[in-house]
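For reference, the structure is listed below as structure tokens.
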Amino acid sequence: METEVKKFNRRAANGGKNSIAAALDTLLFTVLALFISFAVMLEFGFKKRAAICVALIITALFLVILMLIKKKRSEKRIKRERARLAEQYFKEKLILMDRGEFLGVLETLKQEYGIDERKTIVYSVQKCAELTADTVVLAYRAAIRASFKDIAIFSASCPSKEAKELIAKIDNVNITVYSPEEIIKKVGKTLIDDKKIDALIIKSEKEKKNRGKTLFANAFKAYRIKPYMLTGLILMILSFFTRYALYFRIIAMACFILAVSLRFFGIRKEIK
């Protein structure tokens, strides 16, 4: 498995936290459980050595239970995150795919939902913008002209608020809108597999890494001197009007030091 996929799975398993934050959480839980167990044992009359031994055993049991719970939850989180990524990709693919391919997907959907075009007006919308009330009106007029009582609208985007309100008002024709989420449930697995999801994860992780490098590099560009000075000045002024003056002044001092360092040591050249 690629390194990027492993990183993605670890972060998803930890609820969006990186490995260091997750490790710190576990460490804090362990220390807290140990101290609480030790204090309780002392209250029950155990001697210090015995209390420490019992506290260690209890903490170990808690850790085992915690690891089992985390493992079960992590599997669900990874599955959910991969499904979210697949859904995002599929929504984009619905918009960008060739019209012929989109109509081919609709043929599969009509079979899945048992839609008979001899009795139902089938309308397809492949746009980035939301499904509008105007489109609903067009489909409604087509149904009235054909004397049909059912309309099926397959849309690559979700219906707008106005479209939903209009559909709710129309009572002489049954209008069903099949949103991207419903389309994905039926045919999503045929258009995207685990290998494709892994490729998306690798691409996403590399983009995040590159963005992080760019942000870090830009933080030390010479053109940042004025913003750092201004931020430090604002924080210093605000420190006189808040209970957390010390923290404001520490951050302000850090801004000033960084600005002076950039000015006199030329950590990065100014972007021309």
Side-chain angles (χ1 to χ4, degrees), residues 1-88 194 197-198 200-220 228 231-232 234-236 238-258 261:
M1 188 182 290
E2 294 282 351
T3 305
E4 289 83 2
V5 179
K6 290 180 180 177
K7 286 181 180 178
F8 176 86
N9 289 343
R10 280 200 299 268
R11 189 168 60 249
N14 294 327
K17 294 179 288 188
N18 59 34
S19 299
I20 296 173
L24 284 173
D25 276 352
T26 304
L27 179 62
L28 289 172
F29 174 83
T30 304
V31 172
L32 185 63
L34 184 60
F35 273 103
I36 292 174
S37 301
F38 179 67
V40 171
M41 292 304 105
L42 289 178
E43 286 295 321
F44 276 100
F46 282 77
K47 293 183 179 180
K48 286 184 179 180
R49 288 185 180 180
I52 291 173
C53 291
V54 175
L56 287 170
I57 293 170
I58 292 173
T59 303
L61 289 172
F62 270 121
L63 279 176
V64 170
I65 294 170
L66 178 66
M67 291 299 109
L68 291 173
I69 294 172
K70 283 184 71 175
K71 184 179 179 181
K72 191 172 182 179
R73 289 180 65 188
S74 66
E75 290 173 355
K76 290 181 179 179
R77 283 173 175 169
I78 291 171
K79 188 177 180 181
R80 186 169 61 244
E81 282 298 305
R82 289 177 70 88
R84 181 191 61 78
L85 199 61
E87 183 177 321
Q88 181 182 340
D194 286 337
I197 295 174
D198 287 344
L200 291 172
I201 290 171
I202 292 168
K203 182 181 177 182
S204 175
E205 291 297 311
K206 285 181 178 178
E207 287 175 353
K208 284 181 181 178
K209 188 176 181 180
N210 291 334
R211 281 200 301 270
K213 286 181 178 178
T214 303
L215 288 172
F216 182 78
N218 287 340
F220 298 102
Y228 285 139
T231 303
I234 292 171
L235 289 172
M236 188 62 73
L238 289 175
S239 68
F240 292 99
F241 304 97
T242 179
R243 293 172 56 191
Y244 307 100
L246 178 62
Y247 303 108
F248 274 66
R249 288 168 188 171
I250 289 173
I251 298 172
M253 187 59 66
C255 290
F256 288 134
I257 291 172
L258 190 53
S261 299

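For reference, positions follow the sequence shown, starting with 1.
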- Contacts satisfying side-chain hydrogen bond (donor to acceptor under 3.5 Å, both in side chains) that involve residues 38-62 (not counting sequence neighbours) are none

- Task: Any chance you could measure F240, atom CZ, to L238, atom CG, to the nearest 0.5 Å?
- Result: 10.5 Å

- Item | Qualifying residues under side chain to side chain contact (heavy atoms under 4.5 Å, CB included), relative to I58, sequence neighbours excluded | S37, M41, V54, F62

- Query: Excluding sequence neighbours, so at least two apart, what forms side chain to side chain contact (heavy atoms under 4.5 Å, CB included) with L32?
  - Reply: I36

Donor-acceptor pairs are to be reported for all side-chain atoms of residues 241-255 against protein atoms at under 3.5 Å, with residues two or more places apart or in another chain.
{"unit_1": "T242", "atom_1": "OG1", "unit_2": "Y244", "atom_2": "N", "d": "3.3"}
{"unit_1": "R249", "atom_1": "NE", "unit_2": "S239", "atom_2": "OG", "d": "3.0"}

- With sequence neighbours left out, write down each residue that passes side chain to side chain contact (heavy atoms under 4.5 Å, CB included) with I52, or none if nothing qualifies. F38, L56

- Query: Which distance, rounded to the nearest 0.5 Å, do you find between the OG1 of T231 and the CZ of F256?
  - Reply: 9.0 Å

- Contacts of type side chain to side chain contact (heavy atoms under 4.5 Å, CB included), residue L27, not counting sequence neighbours: V31

